[in-house]
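Since this is a predicted model, take the numbers as computed values, not measurements. Just the heavy atoms: all of them, side chains too, but no hydrogens, waters or symmetry mates, feed the values below. In what follows, every chain begins at residue 1, and chains take the letters A, B, ... in the order their sequences are listed.
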2 protein chains.
Amino acid sequence: MDGVTTAAKRPRRSQEERTLETRGKLIAATLDVLLEEGYLKLATQRICDAAGVSRGAMLHHFRDKQSLIVAAIDELLVSATAEIRSQADRVRAQEITPEEFVDYLWFEHFSGRLFYLTLEHVTAARTDDEIRAALIPVVRRFHLALDEIWGALFSAAALPRSRVATVLNLTLCLLRGMGVQTVLRPDDPAYYDDLRGVWKIMLRAILDGRVRLETTGRS
Amino acid sequence: MDGVTTAAKRPRRSQEERTLETRGKLIAATLDVLLEEGYLKLATQRICDAAGVSRGAMLHHFRDKQSLIVAAIDELLVSATAEIRSQADRVRAQEITPEEFVDYLWFEHFSGRLFYLTLEHVTAARTDDEIRAALIPVVRRFHLALDEIWGALFSAAALPRSRVATVLNLTLCLLRGMGVQTVLRPDDPAYYDDLRGVWKIMLRAILDGRVRLETTGRS
DNA sequence: ATAAACAAACAGTCAAGACTGTTTTTAAAT
DNA sequence: ATTTAAAAACAGTCTTGACTGTTTGTTTAT
């Protein structure tokens with residue numbers, strides 16, 4: 001295995017390329033292992049095994065375990081934002097209905113990977129000041145991006161522009177709550193279909209103007 | 001400090017009394033420490049310190065750490081059920097409105113202790129088959145009790161009896177989702193008031209019959 | 001005297017960061 | 001163009017502390 005053989009097998013990569021590749025592997029592996037093992041059992045050796053990278057290399061690129069996790073969550077939310085935006089564009093173009101968008105959000109994000117990863121990092125953040133401080137800006141960017149997406153989503157005359165984001169955020173809260181429940185209420189898809197069905201009826205009533213949202217006194 | 005002095009200070013307690021007291025202390029301490037530290041940092045020594053009981057005694061009464069936690073969650077949900085039932089009785093007696101009930105659920109349970117403890121055990125259960133298997137029956141009892149409470153709650157002519165539980169479960173999912181968000185979106189009570197305000201408007205529309213829920217096709 | 005409740009010590013496991021060593025790339029010197 | 005030195009990327013080992021369940025010992029109730 002001399003220099004000639006090595007050069008023939010693999011072109012010389014710049015430091016930047018090497019860095020991007022290693023970081024990318026670590027971030028992807030972190031999300032996979034976090035989903036599979038949970039935060040409680042998330043060991044750096046396990047991540048590195050999955051990434052095919054040493055712990056020394058991991059620590060070269062990320063100050064500590066927590067820094068790696070925060071970077072991974074950031075990447076997760078950036079990706080999710082792009083995917084949601086893409087589907088939202090289809091709602092606006094009237095290729096899919098708002099009801100179908102709700103189904104998309106449920107089946108593609110909130111009853112699986114995105115939400116379970118959210119559950120893990122949110123729960124860890126609740127009792128750890130450092131994690132929480134690191135994640136609040138990350139999540140705030142996600143919320144702002146969603147609000148921007150929601151603002152451009154609907155043009156229903158019956159729904160004031162200022163209410164659009166509220167309704168969509170309420171939709172997301174419903175789906176998060178359902179996501180929480182899936183953990184200890186599995187094998188009951190009818191229950192979740194039922195909830196979602198009722199929600200769609202409510203959403204349709206709002207979009208059609210049968211329920212008005214202007215006056216939201218604090219009551 | 002001889003036997004006579006001890007007897008004079010504290011009456012002789014039966015083994016059963018001692019057991020109930022020790023178990024009670026451990027269970028209460030578990031919930032307190034779980035809320036404060038999270039599942040990730042929940043150490044049995046910390047629980048025992050808080051309970052004023054030795055680890056040996058803890059292990060005498062509970063097979064292992066997990067058994068203690070499951071017993072504590074069971075107790076938590078039994079207590080919450082009783083409290084929710086008591087408020088629901090006041091709704092039925094028309095002492096408080098359904099809207100006020102929603103506020104009660106939010107402020108007393110889903111924006112604080114009950115929900116945060118739920119977050120902890122649900123997240124731990126997601127990736128641990130044993131915990132999940134132990135908690136599913138516990139949580140099922142909670143769900144059944146809630147459905148029974150909901151079934152007796154409203155007598156709105158416009159809302160079919162079969163739909164009452166769905167609407168209340170939908171309410172709880174919304175509140176759970178909001179509870180999840182409070183962790184990384186703190187210091188924004190107006191946001192949560194807004195969401196809750198919109199839901200109350202929708203709830204009122206359902207109760208008043210302006211939105212009908214009979215046909216909930218699976219769409 | 002015996003059993004149950006309780007306490008403390010023991011033993012083993014595991015994980016993260018610190019640390020040391022190696023390989024690859026880049027820049028400077030020749 | 002080649003060599004050398006430095007920097008960056010990467011790998012592997014060590015250290016330390018924390019944790020849980022097991023075991024042994026003590027106290028209280030029957």
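Residues satisfying the side chain to side chain donor-acceptor pair (under 3.5 Å) test with A/R85, not counting sequence neighbours, are A/E148. Every residue was checked against the salt bridge (Lys or Arg N to Asp or Glu O under 4.0 Å) condition with B/R140, not counting sequence neighbours, and none meets it. Checked against side chain to side chain donor-acceptor pair (under 3.5 Å), B/S54 has no partners two or more places apart in sequence or in another chain.
Residues from residues 122-133 of chain A with heavy atoms under 4.0 angstrom of DNA chain C: there are none. For residues 50-70 of chain B, proximity to DNA chain D is found at B/R55, B/L59, B/D64, B/K65, defined as any non-hydrogen atom under 4.0 angstrom from a strand atom. Annotation: proximity of residues 25-43 of chain A to DNA chain C (heavy atom, distance under 4.0 Å) is found for A/L42, A/A43, numbered in ascending order.
Remark: P of C/dA3 and CZ of B/R18 are 16 Å apart, rounded to the nearest angstrom. If you measure from atom CD of A/Q45 to atom C1' of C/dG17, you get 13 Å, rounded to the nearest angstrom. In this entry the distance linking CZ of A/R13 with C1' of C/dT26 reads 15 Å, nearest Å. Rounded to an integer number of Å, the gap from A/Q15 CD to D/dA8 P is 8 Å. Between the CG atom of B/D49 and the C1' atom of D/dC19 there is a distance of 13 Å, rounded to whole Å. Computed from coordinates, the B/E17 CD to D/dT30 C1' distance equals 14 Å when rounded to whole Å.
For B/E130, the CD atom sits in a loose shell: 12 or fewer heavy atoms of surrounding residues, nucleotides or ligands are nearer than 6.0 Å.
Distance check, rounded to the nearest 0.5 Å: CE of A/M202 to CG of A/L170 gives 9.5 Å.
Judged by distance alone, the side chain of B/E120 and the main-chain N or O of B/Y39 form a donor-acceptor pair under 3.5 Å.
When each of A/L174, A/L175, A/V102, A/T182 is checked for a side chain to side chain contact (heavy atoms under 4.5 Å, CB included) with A/F110, only A/L175 meets the rule.
Side-chain contact check for B/L168 versus B/I149: every heavy-atom pair is 4.5 Å or farther apart. Here the side chains of B/T22 and B/L26 are in contact, with some heavy-atom distance below 4.5 Å.
Classification of B/R55 and B/D49 as a salt-bridged pair fails, no side-chain N sitting under 4.0 Å from a carboxylate O.
The minimum heavy-atom distance between B/L117 and B/L35, with the atom names listed, is CD2-N, 3.5 Å.
Contact between the side-chain N/O atoms of A/T19 and the OP1/OP2 oxygens of D/dA8 is not found at any separation under 4.0 Å. Between B/T44 and D/dC19 there is no side-chain polar atom (N or O) within less than 4.0 angstrom of OP1 or OP2.
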